[in-house]
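Being a predicted model, the structure only gives us computed values, none of them experimental. All values below come from the heavy atoms of this structure, side chains included, with hydrogens, waters and symmetry mates left out. So you know, we letter chains A, B, ... as the sequences are listed, proteins then strands, and number each from 1.
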Amino acid sequence: MAQKTKSSLSRRKFIQNSSYVAGGLIGGGLLGGLGGIVGRDIFGSKTATTTTTQTKSVADESYNHAFMYFTNPAQFEVLKAAIDRIYPEDENGPGATGLGVHFFIDHQLAGAYGHNAREYMQGPFAPGSNFQGYQSPLKRHQVFDVGLAGLQSYSQSQYKKDFPDITDDQKDTVLKAFADGKVPLKGVTSKTFFNILRALTLEGVYSDPLYGGNRDMEGWKMKKFPGSQMAYIQQIESKKFQTIKPQSLNKHFNS
Amino acid sequence: MAKQLPKTDVVIVGVGWAGGIIAAELGKQGLKVIGLERGRERSIKDYTMVHDELRYGIRYELMQDLSKETVTFRNTLKEQALPMRQLGSFLLGEGLGGAGVHWNGHTFRFLPYDFEIKTQTIKKYGANKVKDLQIQDWGISYDQLEPYYDKYEKTAGIGGEENPFAGKRSNPYPNPPMKDTPLTDRFKKAAKNLKLHPYQMPSANMTKPYENPYGAKMSPCQYCGFCERFGCEYGAKADPTVAVIPFAKNTGNFEYRTYSNVTQILHDGKKATGVRYIDVQTNEEFEQPAEIVVVTSYVMNNARLLLNSKLGRPYDPNTGEGVIGKNYCYQILPGTTGFFEDEEFNTFMGAGALGATLDDFNGDNFDHSNLNFIHGGSITLNQSGYRAIQHNPVPSDVPSWGKEFKQASLKYFTRSINIGAQGASMPAKMNYLDLDPTYKDAYGQPLLRLTYDFTEQDKNLYDFIGKQTDKIMKEMGASKINDRKTLEHYDIVPYQTTHNTGGVIMGADPGTSAVNNYLQMWDAENVFVVGASAFPHNGGYNPTDTVGALAYRASEGIIKYSKQGGILV
């Protein structure tokens, strides 16, 4: 996110000023030092804001803003930088990280999807033709380990900088090279990694907020998609475009 | 050692539409029927939180668990087939009700031409027209099958209206057609301007409260936009778990066992003696002896079970001999997306089978004398309800990610519509099913191997029909339409359609077909193999109406066989 709130700045400052190098606990939160991420707000400015000011619903939502899969905050920064180029913030509204998509992806990689639980993963493995689909022996969470490390090292090789620190245009150039399958990765093509990254980003933007993305249904609002409605039988014949307040699945319990 | 169970009259493999119908019809006649279903129990009570696109529409909650079983795929005989590791091109179902739980409800009868395709094509255009196509007649005419269509349409409460190109109906549809919307209306007007003949698509989404002949009560569709890939929480979509299975149970003669995966048809070379199955929760093995075995699983599994059981003559693509695995077909799916700069539509509203269709370019409804293909396809505007994750329409010149993509996909979510065609698929000698020599399922059985690619016939049909959908979309007033590519190789990844057919085809000649027109196996008279696996080619429509009709036809055959035995035709 572009804007930095006061509270997140002060938190960053606190991290910078703290003797993190010792790797010790800081105020009960293990924050920096491990991945060389000082100077970046690893939790996202919005979450940081909520700790001091925000309403109940946003504060509740932030309980799931923690790692289920990722371990290394620097790796998470690479993910955030990538998904905000795939789905950027613009005049329509928030981008991927503003919608919580990075946490959505973390949680997805930790679960059945990230571990290809319902997919055929028996060998032997062979690369296959362009028409035979996913043939990597890697599971998706491993694809992300390889792919995010690849973004980092490719960025270093091209620009001598970490992926999150290069310009937006440079990030797009890197991502395009991945999308075109031009970057050699271990066990998977960069194209496959990019395709999963893109798909997960859009899923995080537009899936029910219960999964951790689509914060406050902002993804749906931008798209004029009303989420889970029980019926359109009264409106289906209408010639007029219907703007309907979106509804999420938790309404089935709350109403 | 498998545990031996007491013998039953009939054992059914797979409890979806075909299995449910046959169970109900046989139970009614007093035959003792056991249904074996490898998936879980399901009912509409399971769908209270079903409006979850990620879980059901994207992660395929209701579909087959591929970690247990999948198919392998290659385009040609020269390649090594590799497993379809993730669902993509088609969505295999699993669980009580089968794919009948998560279908959209499009319920078309095949055309009279389909059933006599070879005879009629040769008669009209000469033998040269069919020389590269492995087409054959179905061994049953439309008129013979008509009463069974009528039965199925009453069971499923189909709402529809007359189609000028359809075969003759003995009765009108049991329900009125679905509502017209600004989109269906616009499609129809454009089509009529082009002198075409649109009509409201026949729908298994109820258009009013309906009680079917079994006494199943179904509620009216709410147009909620969550149909395909989802179960219906209202019981408003004809679904075997609503429309037939409870009735089959009420006969007192039908028992179904879930989590029961059949691995073998037991036989003595001439007749089946029962089936072997595995309880997938405990891994215990059972043998269920039966007088009659009815195979009603999905297309793929019907062929695979026969091949794994060494029942019937496997098809050999090099010689064209043999029948099990022969004439696997798919569908050819041209279409047009139109983008509207100045108008906004309620695209997120819809119902699975809400739409308008025309058949002017389907079957032999148009002259093929100067065309390099036969058959054609139905053309439909289907307003099934766009959902946010799956639907990100952008014009061809917009990239697939980034700022420009975001802006265009947000804009066009409510400003784009699609016209799609379901092109018929003609069998080809080298498109077939057999057993994979390398890959196995979770129980050690060989996977089915799919060898399939598009043919010249397919490519020519695709181009021709695509031009028609472009024309209609332009007439509808689209500001621009997407670029249309030519059809290249079949790709197992992008979703295309779950209208796979063939592999255990029906016909009048035991030399060229696996089952007769009662779906009775020529090579094992007490085995009936029912489903779209019996289609000798795939027509230009959704298959379910024809599957339902064949299930009623087979029920009649099984009852007859239980009394008299022998080959029925």
Side-chain angles (χ1 to χ4, degrees), chain A residues 85-88 90-92 95 112-113 116-122 124-126 128-136 172 175 179 194 198-199 201-203 205-208 210-211 214 219-220 222-233 235-242 244 249 252, chain B residues 48-49 51-54 58-60 65-67 69-70 73-75 79-88 179-182 220-226 344-346 348-351 354 385-389 392 400-403 406-407 409-410 413-414 438-440 489-493:
Chain A
R85 295 315 301 159
I86 291 171
Y87 197 90
D90 68 356
E91 55 273 26
N92 290 295
Y113 176 76
N116 302 50
R118 299 181 74 232
E119 288 159 10
Y120 191 84
M121 294 302 284
Q122 293 181 41
F125 288 89
S129 74
N130 290 336
F131 310 104
Q132 289 177 305
Y134 191 88
Q135 295 297 340
S136 169
D172 290 353
L175 288 169
F194 181 84
R198 174 189 177 273
T201 302
L202 295 180
E203 287 164 14
V205 170
Y206 296 123
S207 56
D208 194 279
L210 98 89
Y211 294 101
N214 190 13
W220 287 347
M222 283 188 279
K223 213 167 183 177
K224 298 179 189 167
F225 179 68
S228 169
Q229 302 289 329
M230 295 311 289
Y232 295 120
I233 191 165
Q235 298 110 316
I236 188 81
E237 292 164 295
S238 170
K239 288 198 167 64
K240 219 178 126 232
F241 183 74
Q242 307 282 313
I244 298 169
L249 285 164
H252 295 296
Chain B
T48 50
M49 298 278 271
H51 289 197
D52 183 340
E53 188 190 4
L54 184 70
I58 306 294
R59 301 280 183 265
Y60 308 131
D65 178 353
L66 296 190
S67 74
E69 180 188 333
T70 184
F73 162 71
R74 57 182 178 173
N75 286 108
E79 292 177 325
Q80 192 204 341
L82 293 175
M84 178 176 80
R85 297 187 180 277
Q86 303 170 354
L87 285 168
K179 290 176 185 292
D180 250 312
T181 73
C221 172
Q222 298 299 305
Y223 298 85
C224 74
F226 285 80
E344 209 163 7
F345 308 104
N346 295 311
F348 50 85
M349 301 178 188
L354 171 62
Y386 289 167
R387 293 175 301 271
I389 302 173
N392 293 286
S400 65
W401 56 279
K403 188 172 176 184
K406 177 184 176 184
Q407 292 180 339
S409 60
L410 291 176
F413 183 67
T414 52
T438 307
Y439 294 96
K440 303 222 171 2
H489 293 291
Y490 172 64
D491 183 345
I492 199 81
V493 176

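Between A:Phe225 and B:Phe413, the ring-plane angle classifies as perpendicular under the 30° and 60° cut-offs.
Formation of a donor-acceptor pair under 3.5 Å by the B:Glu69 side chain with backbone atoms of A:Tyr120 is not found in this model. B:Arg59 places no side-chain N or O within 3.5 Å of a backbone atom of A:Ala112 that could act as its donor or acceptor partner. Panel note: side chain A:Gln132, backbone B:Phe73; a donor-acceptor pair is recorded below 3.5 Å. Using modelled atom types, no side-chain atom of A:Tyr206 and backbone atom of B:Leu54 make a donor-acceptor pair closer than 3.5 Å. Using modelled atom types, one side-chain atom of B:Asn346 and one backbone atom of A:Lys240 make a donor-acceptor pair closer than 3.5 Å. Under a 3.5 Å cut-off, the side chain of B:Lys406 and the backbone N or O of A:Pro88 do form a donor-acceptor pair. Between the side chain of B:Arg85 and the main chain of A:Asn116, no donor-acceptor pair closer than 3.5 Å is present. Distance alone, capped at 3.5 Å, places no donor-acceptor pair between the B:His51 side chain and the A:Leu249 backbone.
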With side-chain contact (heavy atoms from CB on, under 4.5 Å) as the criterion, how do A:Glu237 and B:Thr181 come out once you've worked through the C-alpha distance, each side chain's angles and the decisive distance to 0.1 Å? CA-CA 5 Å; A:Glu237 292 164 295; B:Thr181 73; 5.5 Å; no
Between B:Trp401 and A:Thr201, is a side-chain contact (heavy atoms from CB on, under 4.5 Å) present by the stated rule, with each step listed? CA-CA 10 Å; B:Trp401 56 279; A:Thr201 302; over 6 Å; no
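Proximity to chain A (any heavy atom under 4.5 Å) is shown, for B:Leu82, by both the backbone and the side chain. Within the 4.5 angstrom heavy-atom criterion, atoms from both the backbone and the side chain of B:Ser400 approach chain A. Using a 4.5 Å cut-off between heavy atoms, B:Glu79 touches chain A through its side chain atoms alone.
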